[in-house]
Amino acid sequence: MSRVAGVIVDVPSRSTDRPFSYAVPADMRAWIELGSRVGVPFAGRTLQGFVVSLADEPPAEGPAKLKPIAELLDPLPPLLPDLVELARWISVKYCCTWTAALQAMVPSAIKGKAERHLRLGEAELPDEAAAESGASRTDAGQVDVENPYMASAAFWAMPEEDGQELPDETLPQELVRELRRQGSLKLEAVRERWPEAGGAIKRALAQGVLIEETSIRDRIGVRMQLTVYPPLDREAAQAALEALPGTAKRQKELLQYVLELEGPVTLQAMLADTGANASSAKALAEKGYILIEEAEQQRDPYAGREFRRSAPLPLTDAQREVFVRIRDAVERAAPATFLLHGVTGSGKTEVYMQSIQRALELGREAIVLVPEISLTPQMVERFKGRFGDEVAVLHSRLSSGERYDEWRRIRRGGAKVAIGARSAVFAPFARLGLIVIDEEHESSYKQEETPKYHARDVAVQRARQHGAVVVLGSATPSLETYAAAARDGAGGALLRLSERAVASVLPPVTVTDMREELRSGNRSMFSRALHEALQARLERGEQSVLLLNRRGYSTFVICRSCGYTALCPHCDISLTYHQKTRAMRCHYCGHAELAPRACPSCESEQIRYFGAGTQKVEEELAKLFPGIRVIRMDVDTTTEKNAHEKWLKLFGERKADVLLGTQMVAKGLDFPYVTLVGVIAADTSLNLPDFRAGERTFQLLTQVAGRAGRHHLPGEVIIQTYNPEHDAIIASQKHDYEGFVAEEMKHRRMMGYPPFCRLILVTMSHEQLASLSATSDRFARRLIELAGQRGVLQPLHGSGARALELLGPVASPISRIKDRYRFQCMIKYRGAVPAAELVSEAIRQTEAEAPRSGVLFSVDVDPHMIL
DNA sequence: AGCACGCCGACT
DNA sequence: GTCGGCGTGCTC
């Protein structure tokens, strides 16, 4: 029963990112816990905050008199103490505010905003008669009946001398009436409806006639619905059923119905089922046989769907060996991390499911993370089929209400397994036993917005708190994870599944050299090999998947005559051409303009739209193979809800010959009639100016190659490239992960990149170059100073165990976005260097030195895209 | 971030 | 002369 709460308020600024102390009102003491969400007065308004500490006495420093917490926002705290602590850890590791980390953990539905209300105060309304006369006076004039207050503005016609009792000072009658009727009104709504009443309202507030209140309003309400609870005393109800007179036919039917209920149903459902009306139900409720109450309605996105129950499958020897290792660790309940390196089709999912089963048997819970786009209905079905209602799905395609309901189900213990994308790592379980991260290498586990956390690293930390086990699964683990697991060496954190569980061989991979094609006169985007292979599939009625790795946005606009390229006026980046709308778009700020017919610079007609977008490939296919049925999947065709599912379903039903898409076609698809996978241009991802380009390409190619010939029909993969001798291409052709890693590691060591060091990218932005330059210099100086004090400032290629070097500040590769210039500093370090803390401290000092400079800092720890 | 408090130009 | 512009200080 603590009297004082430390609260992190929802202000996105580093200077206020510390707990503020509030008095806990006596009536809240039994309810407030670590992780409670509250509304607190802060600098003259009410803000949402999270309770992060509790004490009986106010802290020594701080104000003498604490303000009380204004409201408690949820009966059950949304967060648990371990999550509050985890948020703290995230804020330190990723240089973000504690509040940003806390916000990332809760569903968007409860990111409450302050809402201001007006209500009538104790003070007397000043002379209501005057107000009445005001209204009648306007009746005589040009009255706007719709808006009575506007009418009273007839005062403009009145002589100034009358001004002592300006109608402007009387509150609109309608407003007073509404306030009496409704108790309070949203300030925002009042402002809209009575725009002229501002002065009068201000005065009324000053006099206490009106009172302004603020409270936190969630983005979404809990949907309440009348719910019928079956009789508690069934015998009494049974007796009543028999005693009811024959005339009460409906009541008898209803009673019969509720006696057969196992749990509550909605009133609506009951009435629909029985054909009775609400008054019969009410009569029964009044007699006390049933209870009708407003209850929170749970939206179950998978309601009404049947899931085929599945039993654990027998494991192969290899699977069993891996499973035993994981199971033993789960039973030990000590933190552990495993890397499960298993080729596609090696049966990782079955191992996950049996491990989860064990965790559940031990009374613990499990989280399964999958990349957003792998979270397909088939995936959900597998887990729901095995674990039934114990599974909660957290999926970005759910509405925020549905997601909130699933999340609360977890929080209340109604679900024991959470399956979802990145943010599901925060599923509010209290006794976590296992966290599975499938496709561990996927870049979608790294959040690109603040807090820029990596779900894998957060999972490992969370497992540490709970004594839980983390299983990282991948056919192509990230080099960081692989190196870490290998380093663990004797501990054997590396588990392998090197054979496909279903007997089928990995498909042969052909690499075609597009330079060669060009030399022999083939200027099409399809090599002869791919063309023939496609033709053969069409003839045999088999299907093909074509991958266009468009990352890097190659559809730019260039004038062949003068070299002009279309650039975004707000960002330093070229515009992308979209065939459908004939518009050029900026992928950073959304700016769009109509594509010109002639070059705006030299007026030549030689302006061309370059690069092969999926649209262009689609056109080309139609030209080369008349009548071909193509499904195109990219951001343009999959934005609408469930579009993704719809297309895949069509393809699965063999309603199309070719599935053409960007990376999203590479993931987890499993169609028996797909016997050809073609990669149109492997180079687009290879040539990115990013040290992970090779790794990404290898992973992508390996993954997409796994899509072919997964069943009885043999598959084939064709990769088109201008770089056939690149390691990533050669290794993926040979299905040789280890070979690729060995080469890539050499390269990374030589270049001084992870996993041989770690990186922090600090980006600063401002509208004016001069302010940006000054601030970034100051930041760099502060950081160097701090690193020097800790004795870690030394070149990375030196021999010291601990080293940190700073590169920059320099202009960012995209030197302007949304009219803001961008500079960056890259921090490279090695060994036990508290680099994130140094960066945070340097930012604090820089901001303190020049407050309100307007320079925005953005920190990316372990950045993924160095673009 | 925002809101308050506080000092200088265009309107009743 | 006041309303209101937005510059800085602070928020339990």
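Every chain is numbered from 1, with letters handed out A, B, ... down the list of sequences.
The closest donor-acceptor contact from the side chain of A/R822 to the backbone of A/I814 lies under 3.5 Å. A donor-acceptor contact shorter than 3.5 Å links the side chain of A/Q465 to the backbone of A/D82. At distances below 3.5 Å, not a single donor-acceptor pair connects side-chain atoms of A/R412 with backbone N or O atoms of A/L76. Checking side-chain atoms of A/Y453 against main-chain N and O of A/A104 turns up no donor-acceptor pair under 3.5 Å.
In this structure, A/R3 places its CZ atom 18 Å from C1' of C/dC12, rounding to the nearest Å. As a whole-Å value, the separation of A/R45 CZ from C/dC12 C1' is 13 Å. We find that CG of A/D10 is positioned 12 Å from P of B/dA1, with the value rounded to whole Å. One can place CZ of A/R116 at 11 Å from P of B/dG2, the figure rounded to the nearest angstrom. Here the P atom of nucleotide B/dA1 and the CD1 atom of A/I8 are 17 Å apart, to the nearest Å.
By the side chain to side chain donor-acceptor pair (under 3.5 Å) test, A/S765 is found to be paired with A/R820, residues two or more places apart in sequence or in another chain being considered.
Between A/R88 and A/E85 there is no salt bridge, since no side-chain N of the basic residue sits under 4.0 Å from a carboxylate O of the acidic one. Salt bridge absent: A/R14 and A/D17 never bring a charged side-chain N and a carboxylate O closer than 4.0 Å. Salt bridge A/R844/A/E841: present, at least one basic N to carboxylate O contact under 4.0 Å. Ion pairing between A/R411 and A/D74 fails under the 4.0 Å rule for side-chain N and carboxylate O.
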Contacts under 3.5 angstrom, residues 51-69 of chain A side chains, donor-acceptor by atom type, not counting sequence neighbours:
| unit_1 | atom_1 | unit_2 | atom_2 | d |
| --- | --- | --- | --- | --- |
| A/S53 | OG | A/G6 | N | 3.4 |

> Do A/F823 and A/F779 pass the ring-ring contact (aromatic ring centres under 6.0 Å, His included) test, and can you show the C-alpha distance, the side-chain angles, and the key distance before you say yes or no?
Replying inline: CA-CA 11 Å; A/F823 275 18; A/F779 166 74; over 10 Å; no
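Contacts with DNA chain C (heavy atom under 4.0 Å) in residues 16-29 of chain A: A/T16, A/R18, A/F20, A/S21, A/Y22, listed by number. Within a heavy-atom distance below 4.0 Å of DNA chain C, the residues of residues 46-69 of chain A found are A/P63, A/L66, A/K67. Taking every heavy atom of residues 92-102 of chain A and every atom of DNA chain C, no pair lies under 4.0 Å.
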> In the 5'-to-3' direction, what one-character label does each nucleotide of nucleotides 5-10 of chain C receive under the scheme B = base within less than 4.0 Å of a protein heavy atom, S = sugar-phosphate only, - = no such atom?
Replying inline: ---BBB
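Counting heavy atoms from C-beta on, the side chains of A/H466 and A/R462 come closer than 4.5 Å.
The one candidate from A/R758, A/K446, A/H454 that meets the side chain to side chain donor-acceptor pair (under 3.5 Å) condition with A/D862 is A/R758.
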